[in-house]
Amino acid sequence: SVDSTVMVTSTWTAPGGATLSGSNPLWIGSSNQSTLMLNSLGTGNAGNYVCGVSVIPINTQYITGPMGITNSILVSVHTANITISGSPVAGQIYTLNCSGALFGNTSLIPVITWRNATGVVTNGNGIIVSNGVLTFNPLRTSHGGQYTCQSTLSAFSSMITSSTQLIVQIPPPIITTTAVPGQVVITGSNITLLCNVQLDPSVDSTVMVTSTWTAPGGA
């Protein structure tokens, strides 16, 4: 029944009463929307947003008052957190656990993907991937490097990452000594002392081993 020319203006009001946009002219006979874009949302953006609309007649015999509609926005925080299981020592079982969460919305469960320098981490080479947990059984020195947990929510096109540097410690080697021809010798004879170093089989990357002999008296 509004068959004469009018101008419609709209104004967005943020939580707390701040005006976010100016008037948006809209003429009779056309369809229009007043769009408010909110980028890089944080928890401080949560609350009620009001779209206020006023219809202004060009002919002053028509009078109307302002109207408003409220839209409530809940801002959820998407996180990815890595927890470790102590000191990473080669030869032991070691785990990296990544938990993704959407605080404020428990109905959506993020998909967790682990990555390292070679790409997506999958089962194999002593690694088991299950429900966001990386299990190294056993942990090897070649497993060292940066690991990134990727938490993905397809419904929001949201992806959050968290990274950790895995520095694998080498366990103490097994050291044995041997005297040739034996430990009991007579003066004037010769003896050869051998120092044998055995590393844990989980030390599967190149390392440098040095040895030093100390004589009686500390020399």
Contact check, side chains of [X] and [Y], non-hydrogen atoms, under 4.5 Å:
{"X": "Val133", "Y": "Leu96", "answer": "no"}
{"X": "Tyr94", "Y": "Ile84", "answer": "yes"}
{"X": "Cys195", "Y": "Ile175", "answer": "yes"}
{"X": "Val129", "Y": "Thr122", "answer": "no"}

Are Val168 and Val121 linked, directly or through other ILVMFWY residues, by side chains that come within less than 4.5 angstrom of each other? yes
Where is the tightest heavy-atom contact between [X] and [Y], given as atom of each residue plus distance?
{"X": "Trp114", "Y": "Gly132", "answer": "NE1-O, 2.9 Å"}
{"X": "Pro110", "Y": "Ser151", "answer": "CB-OG, 3.1 Å"}
{"X": "Gly182", "Y": "Ile191", "answer": "O-CD1, 3.2 Å"}
{"X": "His143", "Y": "Ile127", "answer": "NE2-CG1, 3.8 Å"}

Evaluate whether atom [atom1] of [X] has more than 12 neighbouring non-hydrogen atoms of other residues, nucleotides or ligands under 6.0 angstrom away.
{"X": "Asn131", "atom1": "CG", "value": "no"}
{"X": "Gln183", "atom1": "CD", "value": "no"}
{"X": "Ile93", "atom1": "CD1", "value": "no"}

What's the spacing between [X] [atom1] and [Y] [atom2] if we round to 0.5 Å?
{"X": "Ile82", "Y": "Ser163", "atom1": "CD1", "atom2": "OG", "value": "6.0 Å"}
{"X": "Thr141", "Y": "Leu166", "atom1": "OG1", "atom2": "CG", "value": "10.5 Å"}
{"X": "Cys149", "Y": "Ile112", "atom1": "SG", "atom2": "CD1", "value": "4.5 Å"}
{"X": "Ser142", "Y": "Asn125", "atom1": "OG", "atom2": "CG", "value": "5.5 Å"}
{"X": "Asn196", "Y": "Leu194", "atom1": "CG", "atom2": "CG", "value": "6.0 Å"}
{"X": "Arg115", "Y": "Thr113", "atom1": "CZ", "atom2": "OG1", "value": "6.5 Å"}

Would a distance-only check, ignoring hydrogens and angles, find a side-chain to backbone donor-acceptor pair under 3.5 Å from Ser158 to Leu153?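 Not confirmed, Ser158 side chain does not pair with Leu153 backbone.
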Classify the ring geometry between Tyr147 and Phe136 as parallel (under 30°), tilted (30 to 60°) or perpendicular (over 60°). perpendicular
Using side-chain contact (heavy atoms from CB on, under 4.5 Å) as the criterion, point out the one residue from Val209, Thr176, Thr210, Ile174 that pairs with Val197. Val209
Any luck finding a side-chain donor-acceptor pair between Asn97 and Thr95 under 3.5 Å?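 Absent: no donor and acceptor within the cut-off.
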